Amino acid sequence: MEDDLTSSADPGAGDPPEIQQRDIAVQLRLAQIQREIAFFEQELAALRTQTKSAAKTARFEKRAAYDGEQVRLLESERSALVAERATLAQNAAQPLQDLRDVTRRLAREIAKGNLTQARVSFDELATLSPIWLETRLPMLQKQAAEAGRLDLLFRLFLHGHADALSRLSLVAGAMEIGHKAGNEEKVEKLFALVRQRSDTHPLRFGSNDKTAAFRPADRDAVEELKYHGVRLAQPDDVFDAAEKLADRLDLDPALLDHLYRHRRDTSLPRAEWERRVKTACCVGHITWDRPACVNAKRTMRYGDLIDAQARAAAFGAIDQSKGVLLVTFHGAMTGLNRKLFNEVFENRATLENAETSSEQSISTRDSRAALFAAMRLLLGGKSVLTAPDGRKGNREQFGELTGKSMKMANGTALLAFETGCFCAWFNIVVQGRRLVPMVVEAPRPQKGERFESFAERWTAFYWSQIEDLLTGDPGGISLRGSLWATLAAWDK
């Protein structure tokens, strides 16, 4: 039977808007909590192993006690997450168990090659929660590949159910499956269908849905769908485009609730505050996905939008002949931060999650090697940019962010301590229709100060800069990465 590319209902047809929004919020939260529980399980396993080995010798007794305490803390946090997930599942518009049952049934029908029944389950799952389908698609793809049923899974998307084609990552996943199944012609058909629907139902996307996250061969098509109907002819269009894209962006509702409660300016209504947060995030998406705009006259970079006076004030007094260590975080402006750093500093290197190191890039795959490489560069008078809030390295240093206990590796504090270089917080924020770089000098080691004392002061400074950002002007709140998942999962 020929695949039906046209017959489908509108997304969420039959449900009141408030029910649709509640379903999106609940399923986003459920998926996030599941990921955090998996992370805590890994941490617990690692800490238990460390505790067992450390207890064998007196030399590591102190470390064993420390790790044992962290095990208890993580177990407590995990118990809270499990309880929260159970509560959310009970109050969800669609119980979590129903979603799991439909997912298992769909996987069985795909493995059997039963297209008709698989379509029923697929449409049911897409109708119940497109976000749930999005989180389960990698698993379904893996199982379909093992069973030799990728073509069948792709045909389920070709069935054209609107809810299954309502999110950017779902469409990108469907295109990848189609390519792997050898259905190049029908991938083009699917793309044309989604592009046509985007006139009235633009694709929704999440904070991590940068085009670089998708299959390289599909990135141009994914970018076209993501920015469908958005004008980006010149750099100044970025702000109007971001406001338009903000209506399509999904952020974790629990995280937004947490940040709104901790805002310093309480005069801004929730709707306006949230709109400005999402707009700032979309500025980050645009400048990451589209580093340059081209018109008939010349190519213009988004760097042209960075306020010249603010740039001079931020970097003008820094002595680049000595080592410079700039620290930022994994927010939506990460890409633009790196671009500006590359423009300002000639002798430079960035710490990145790359396969190998290069002249201007230090791979963090081996955190110990990355630490020594960065130290050599700083002592040699070069400039280094890093974001220490990631999950690389031995994360034993604790700090506090909006009332939550956060942990990070102490490698960056060690760099500042051992090299004595100029160290500062650096990030770009949105202020109206301009981009403003912020540079704040970090604490320096005091004469005779022990590293443990300095690391505590430095870590407190680092998290305070992020907290000032997240609780201040919503134009500076850029959301991306594991830090936000942690904040949402550990909400008090």
Side-chain angles (χ1 to χ4, degrees), residues 1-15 23-24 26-28 30-31 34-35 37-38 41 85 89 92-194 197 203 214-215 217-218 221-222:
M1 183 174 64
E2 186 67 20
D3 293 308
D4 183 2
L5 293 174
T6 57
S7 62
S8 60
D10 289 338
D15 285 337
D23 183 65
I24 288 174
V26 169
Q27 299 311 329
L28 271 173
L30 286 169
Q34 282 193 311
R35 288 194 291 270
I37 288 178
E41 290 281 14
R85 184 178 66 172
Q94 184 65 39
L96 180 62
Q97 190 58 47
D98 285 5
L99 292 167
R100 285 177 171 167
D101 290 343
V102 177
T103 304
R104 294 190 186 101
R105 187 170 73 242
L106 172 60
R108 287 195 299 269
E109 299 300 342
I110 292 174
K112 293 176 183 177
N114 190 334
L115 177 60
T116 302
Q117 291 302 316
R119 276 181 171 175
V120 173
S121 299
F122 183 81
D123 288 355
E124 182 180 357
L125 192 61
T127 303
L128 291 174
S129 175
I131 293 173
W132 178 270
L133 177 59
E134 177 183 314
T135 64
R136 293 300 178 267
L137 186 58
M139 178 271 293
L140 291 170
Q141 180 179 339
K142 180 176 182 292
Q143 293 179 346
E146 291 172 349
R149 303 293 186 184
L150 280 177
D151 181 69
L152 188 150
L153 180 57
F154 179 63
R155 291 177 69 185
L156 296 178
F157 283 97
L158 283 177
H159 177 51
H161 195 289
D163 290 318
L165 300 173
S166 62
R167 300 188 62 78
L168 183 69
S169 62
L170 280 174
V171 174
M175 294 172 67
E176 178 182 345
I177 293 167
H179 285 302
K180 290 182 176 180
N183 289 329
E184 304 295 334
E185 183 179 346
K186 290 186 177 180
V187 169
E188 292 296 326
K189 227 173 186 180
L190 178 69
F191 170 74
L193 170 66
V194 176
R197 284 180 174 166
L203 293 180
F214 302 110
R215 185 174 180 268
D218 293 330
V222 169

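Since the model is a prediction, treat every value here as computed from it, not as a measurement. Numbering starts at 1 and runs along the sequence shown.
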Measuring from atom CG of Leu152 to atom CG of Leu115, what distance do you get when rounded to the nearest 0.5 angstrom? 5.0 Å
Would you name the heavy atoms of Asp218 and Ala172 that are closest together and state the gap between them? OD2-O, 4.5 Å
Which distance, rounded to the nearest 0.5 Å, do you find between the NZ of Lys186 and the NE2 of His179? 14.5 Å
Find the distance between CD (Glu109) and CZ (Arg104) and round it off to the nearest 0.5 Å. 14.5 Å
Hey, does Arg167 have a side-chain heavy atom less than 4.5 Å from the side chain of Val171? no
Quick one: closest heavy-atom pair of Leu133 and Ala126, and the distance? CD2-CB, 4.1 Å
Beyond-backbone contact of Arg155 with Phe122, side-chain heavy atoms, under 4.5 angstrom: no
Do Arg105 and Ser121 have a side chain donor and acceptor closer than 3.5 Å? yes
Student check: side-chain heavy atoms of Asn114 and Arg108 closer than 4.5 Å: no
Are Leu156 and Asp123 close enough that some pair of their side-chain heavy atoms sits under 4.5 Å apart? no
Shortest non-hydrogen contact from Ala162 toward Arg197: CA-NH1, 3.9 Å
More than 12 non-hydrogen atoms from neighbouring residues, nucleotides or ligands closer than 6.0 Å to CD on Glu185, yes or no? no
Checking Phe154 now: which residues fulfil ring-ring contact (aromatic ring centres under 6.0 Å, His included) with it, not counting sequence neighbours? none
Less than 4.0 Å between a side-chain N and a carboxylate O, is that true for Arg215 and Glu176? no
Is the closest side-chain donor-acceptor distance between Glu134 and Ser169 under 3.5 Å? yes
When every non-hydrogen atom of Leu99 is compared with those of Leu125, the smallest separation belongs to O-CD1, 3.9 Å
In short, Ala111 meets Arg149 closest at the heavy-atom pair O-NE, 3.4 Å
Drop me the distance from Leu168's CG to Leu203's CG, to the nearest 0.5 angstrom. 6.0 Å
Let me confirm one number: the OG1-CG distance from Thr103 to Leu137, rounded to the nearest 0.5 Å. 11.0 Å
Contacts of Ala174 that satisfy side-chain contact (heavy atoms from CB on, under 4.5 Å) - sequence neighbours left out: Phe157, Leu190
Interatomic distance, CD@Glu124 vs CG@Asp101, rounded to 0.5 Å, equals 9.5 Å
If we only count heavy atoms from C-beta on, is the Asn183 to Leu150 side-chain gap below 4.5 Å? no
